[in-house]
Number of protein chains: 2
Amino acid sequence: MRKENSSNAINKEFLHRSCKVNEAMDLISGRWKALIIIFIGEKTNRFSLLKAVLGNISDQTLGRQLKELENAKLITRTIIPGVPVRVDYELTEKGKSLLPILDALEEWGIT
Amino acid sequence: MRKENSSNAINKEFLHRSCKVNEAMDLISGRWKALIIIFIGEKTNRFSLLKAVLGNISDQTLGRQLKELENAKLITRTIIPGVPVRVDYELTEKGKSLLPILDALEEWGIT
DNA sequence: TACTATGCTCACTAAATTGGGAGTTACTCA
DNA sequence: TGAGTAACTCCCAATTTAGTGAGCATAGTA
């Protein structure tokens, strides 16, 4: 976990106070997060499906990033009872509203 | 430096091949890069000025991020002879074209 | 001669992120 | 009883990124 008064953490705080861009960047800057958001938007929205399309992501990292996205309220997590239990992830409105920006970023990356 | 065949580096490669978004994200995902781009766009475009507005950034980190942005062709570096020598950073067209996206991200972060 | 300013660079350390592999829960089918 | 599946979760080690403190080159000022 983060030590709240390391200079690293202090600088992160500073960046958040000084500019909302950095707060936003933080939410989507995990290595796989942008791709996870895009895939969930395309209905590749379960743990095992994501794992399959994301190639070499580790279980732990996928779990962590999903949890972070959930905490950031970009996705929701719905447990579907059954055997075995399934879990559906869906984009929230906030998550959906990020898609055009990711598209713009992709477009920008290509040109 | 990066070890080119660590699984970390391999995954990064995979992400770049599979989705341009990640390549784009990489270019702007340093802790201070978004802010540096914005400031340079606003003419806070010298090393010492950036250092002043960025608070606690270390010389080395600022130097590194500027160099990375230069390598990514988002900024240019111009040495202005004089005493002492000054260096001006400017956004390239590519860099400028990122500003609307950062604005959108900021807007998204606020709402 | 000492000191200042700009814009770095280097070796080293600390912190944050990611990955590997095994273990867990809960229920079903053979 | 044993195997299988989905979706995690834990410990630990590897990797990547950021920060610290010092030093350097140049030229001008006190």
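Throughout, protein chains are lettered first and strands after them, A, B, ... in sequence-line order, and every chain is numbered starting at 1.
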D:dC11 base to A:Gln60 side chain: any donor-acceptor pair below 3.5 Å?
-> yes

Salt-bridge contact B:Asp26-B:Lys12 (side-chain N to carboxylate O under 4.0 Å) | yes

Give a yes or no on whether a salt bridge exists between B:Lys96 and B:Glu90, defined as a side-chain N under 4.0 angstrom from a carboxylate O.
-> no

With DNA chain C as reference, determine whether A:Val85 or A:Ser58 sits nearer its 5' end, using the nearest nucleotide of each.
-> A:Ser58

First encountered from the 5' end of DNA chain C, between B:Asn8 and A:Asp59 | B:Asn8

Need one value for [X]: base, sugar-phosphate or nothing, where a base atom within 4.0 Å counts as base even if backbone is also close, heavy atoms only.
{"X": "B:Thr61", "value": "base"}
{"X": "B:Gly82", "value": "nothing"}
{"X": "B:Gln65", "value": "sugar-phosphate"}

Go through A:Ser97 and B:Trp108 one step at a time and tell me if the side-chain hydrogen bond (donor to acceptor under 3.5 Å, both in side chains) criterion holds.
-> CA-CA 8 Å; A:Ser97 69; B:Trp108 175 87; 3.1 Å; yes

Rounded to whole Å, CD1 of B:Ile79 lies from C1' of D:dA25 at a distance of 13 Å

Taking only N and O in the side chain of A:Lys67, is any of them less than 4.0 Å away from OP1 or OP2 of D:dT9?
-> yes

Judged by atom type as modelled, is there a donor-acceptor pair below 3.5 Å linking the side chain of A:Lys94 to the main-chain atoms of B:Thr111?
-> yes

Of B:Arg64 and A:Leu66, whose closest DNA chain D nucleotide lies nearer the 5' terminus?
-> A:Leu66

